[in-house]
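In what follows, a single structure is set out as structure tokens and then discussed.
Here is the naming used below: chain letters follow the sequence lines, and residue numbers restart at 1 for every chain.
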There are 2 protein chains.
Amino acid sequence: MDSKKLALYEARAKIFKAMAHPSRLIIVDELSHGEKCVCELTALIGADVSTVSKHLALLKNAGIVNDRKHGNQVFYTLRVLCVLNFFNCVETVLKTTAKEQLQLLKKV
Amino acid sequence: MDSKKLALYEARAKIFKAMAHPSRLIIVDELSHGEKCVCELTALIGADVSTVSKHLALLKNAGIVNDRKHGNQVFYTLRVLCVLNFFNCVETVLKTTAKEQLQLLKKV
DNA sequence: TGGTTATTTGGCTAAATTACCAAATACTTG
DNA sequence: CAAGTATTTGGTAATTTAGCCAAATAACCA
């Protein structure tokens, strides 16, 4: 594994890392319905504004969202829509596990 | 955000977390070519066997890989193939960022 | 300008993650 | 059974992440 390839995997991992938190997944999900300001997302998540702001900064740094300042407020949008496809597969993983556990229980 | 919904987002986040490490992405990528034993994956990654074993345990716990013991060795396979689709979108994010930076440089 | 609202940043603490080594386990083979 | 190989598990130290509060910025409005 040369360092060039490793760097590529690190860049990829950074994007997964950005998605790897419940609050940030809630944000991505919410932004799929359109642009939202920090205040709306904060209300939805129910954490401190500063915490939500840091989650947003992280998503932005990973290239997943864009921000736009309008007067007092900052509005965030999804920058790359395909991240929404992630959810389908994640659901598949969860369902596969659930089915497997059901099978195990049937054998009891 | 009720606790039921939050639990779902946490379950999803767990899967992203499992993918959020370069070594684990290398593993997933390698397993797309078929079953591999711990020793092969360890050689590929170049970390301590115990470290790789823990990465594999984490992937298994997230429901992304399966393991199968054969004699002395343990072979791992992808359990849910759609995780490979993740890579396409991750590439899109990286390319979008690269293009944007190119645009910024052109303006200089 | 002075006060108010929205957002970000800095600082700190607690919790989670990662890596390695050493030891335990499991299986094979002589 | 003893020795050897493959893998997992336990323990520990270093690093990263997450959350909150307080303070700094930025933009609005009276």
Side-chain angles (χ1 to χ4, degrees), chain A residues 1 3 6-7 9-28 30-31 35-77 79, chain B residues 1 3 6-7 9-28 30-31 35-77 79:
Chain A
M1 180 69 43
S3 71
L6 183 60
Y9 281 106
E10 276 167 357
R12 288 167 176 159
K14 182 179 171 182
I15 294 166
F16 284 107
K17 238 177 236 186
M19 304 280 290
H21 190 287
S23 298
R24 295 196 290 268
L25 288 181
I26 291 170
I27 290 171
V28 169
E30 183 66 12
L31 293 185
E35 197 174 54
K36 304 285 167 183
C37 69
V38 178
C39 51
E40 286 171 299
L41 296 168
T42 300
L44 181 66
I45 290 172
D48 195 90
V49 201
S50 68
T51 301
V52 175
S53 176
K54 279 174 187 172
H55 281 310
L56 287 164
L58 199 153
L59 283 169
K60 186 185 167 189
N61 183 255
I64 295 172
V65 302
N66 272 327
D67 61 344
R68 173 179 79 86
K69 189 153 200 172
H70 180 67
N72 228 358
Q73 311 180 39
V74 178
F75 289 89
Y76 281 87
T77 47
R79 178 155 165 274
Chain B
M1 182 67 44
S3 73
L6 183 61
Y9 281 105
E10 275 167 358
R12 289 167 175 158
K14 182 179 172 183
I15 294 166
F16 284 106
K17 239 177 237 187
M19 304 280 291
H21 190 287
S23 297
R24 294 196 291 268
L25 288 181
I26 292 171
I27 290 171
V28 169
E30 183 66 11
L31 294 185
E35 196 174 55
K36 304 283 168 185
C37 69
V38 178
C39 51
E40 286 171 298
L41 297 169
T42 299
L44 181 66
I45 291 172
D48 195 89
V49 202
S50 67
T51 301
V52 175
S53 175
K54 278 174 186 172
H55 281 309
L56 287 164
L58 199 152
L59 283 170
K60 186 185 167 191
N61 183 254
I64 295 172
V65 302
N66 271 327
D67 61 345
R68 175 178 78 85
K69 188 153 202 171
H70 181 67
N72 229 355
Q73 312 179 43
V74 178
F75 290 88
Y76 282 85
T77 47
R79 178 154 165 274

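The separation between B/L59 atom CG and C/dT17 atom P is 14 Å, rounded to whole Å. The CG atom of B/D48 sits 13 Å away from the C1' atom of D/dA6 (whole-angstrom rounding). Following rounding to the nearest Å, A/N61 (CG) and C/dT9 (P) show an atom-to-atom distance of 11 Å. One atom, CD1 of B/I27, and another, P of C/dT18, lie 12 Å apart when rounded to the nearest Å. The separation between B/F75 atom CZ and D/dA6 atom C1' is 10 Å, rounded to whole Å. A straight line from CG of B/L41 to C1' of D/dT8 spans 15 Å, rounded to a whole angstrom. In this structure, the CD atom of A/E10 is 16 Å from the C1' atom of C/dT17, given to the nearest Å. The CD1-C1' distance, from A/I45 to D/dC20, rounds to 15 Å in whole Å.
In this structure, A/H55 does not reach the C/dT7 phosphate: none of its side-chain N or O atoms is under 4.0 Å from OP1 or OP2. A sub-4.0 Å separation between OP1 or OP2 of D/dA27 and a side-chain N or O of A/H70 is absent. Here B/Y76 does not reach the OP1 or OP2 of D/dA6: none of its side-chain N or O atoms lies under 4.0 Å away.
Contact annotation for B/K60: no contact, since no heavy-atom pair falls under 4.0 Å across all strands. Within 4.0 Å (heavy atoms only), A/S23 reaches no atom of the nucleic acid at all. Counting non-hydrogen atoms under 4.0 angstrom, B/A47 reaches the backbone sugars and phosphates but no base. Within the 4.0 angstrom heavy-atom criterion, base atoms lie near A/K54.
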Criterion side chain to side chain contact (heavy atoms under 4.5 Å, CB included) on B/I27 and B/L59, from CA distance to verdict: CA-CA 9 Å; B/I27 290 171; B/L59 283 170; 3.8 Å; yes
Test log, rule side chain to side chain contact (heavy atoms under 4.5 Å, CB included), inputs A/E30 and A/I45: CA-CA 10 Å; A/E30 183 66 12; A/I45 290 172; over 6 Å; no
Intermediate values then yes/no, side chain to side chain contact (heavy atoms under 4.5 Å, CB included), A/D67 and A/L56: CA-CA 9 Å; A/D67 61 344; A/L56 287 164; over 6 Å; no
Full working for side chain to side chain contact (heavy atoms under 4.5 Å, CB included) between B/M19 and B/L25: CA-CA 6 Å; B/M19 304 280 291; B/L25 288 181; 3.9 Å; yes
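In terms of polar N and O atoms assigned as donor or acceptor, the side chain of B/N72 comes within less than 3.5 Å of the base of D/dT5 in a complementary pairing.
With C/dT8, D/dT8, C/dC20 as the choices, the nucleotide that has an atom nearest any side-chain atom of B/V49 turns out to be D/dT8. Considering only side-chain atoms of B/V38, the nucleotide from D/dT7, C/dC21, D/dG19 that sits closest is D/dT7. In the set C/dC27, D/dA18, D/dC21, the nucleotide with an atom closest to the side chain of B/K69 is C/dC27. Taking the side chain of A/H21 as heavy atoms from C-beta on, and the options D/dA18, D/dT7, C/dT7, the nearest nucleotide is D/dA18.
Between B/Q73 and A/Q73, the one whose closest nucleotide on DNA chain D sits nearer the 5' end is B/Q73. Both A/T51 and B/T51 sit near DNA chain D, but only B/T51 has its closest nucleotide nearer the 5' end.
Side-chain N or O atoms of B/R24 include one that pairs as donor or acceptor with a backbone N or O of B/K17 at under 3.5 Å. A donor-acceptor distance shorter than 3.5 angstrom exists from the side chain of B/E40 to the backbone of B/C37, with no hydrogens or angles considered.
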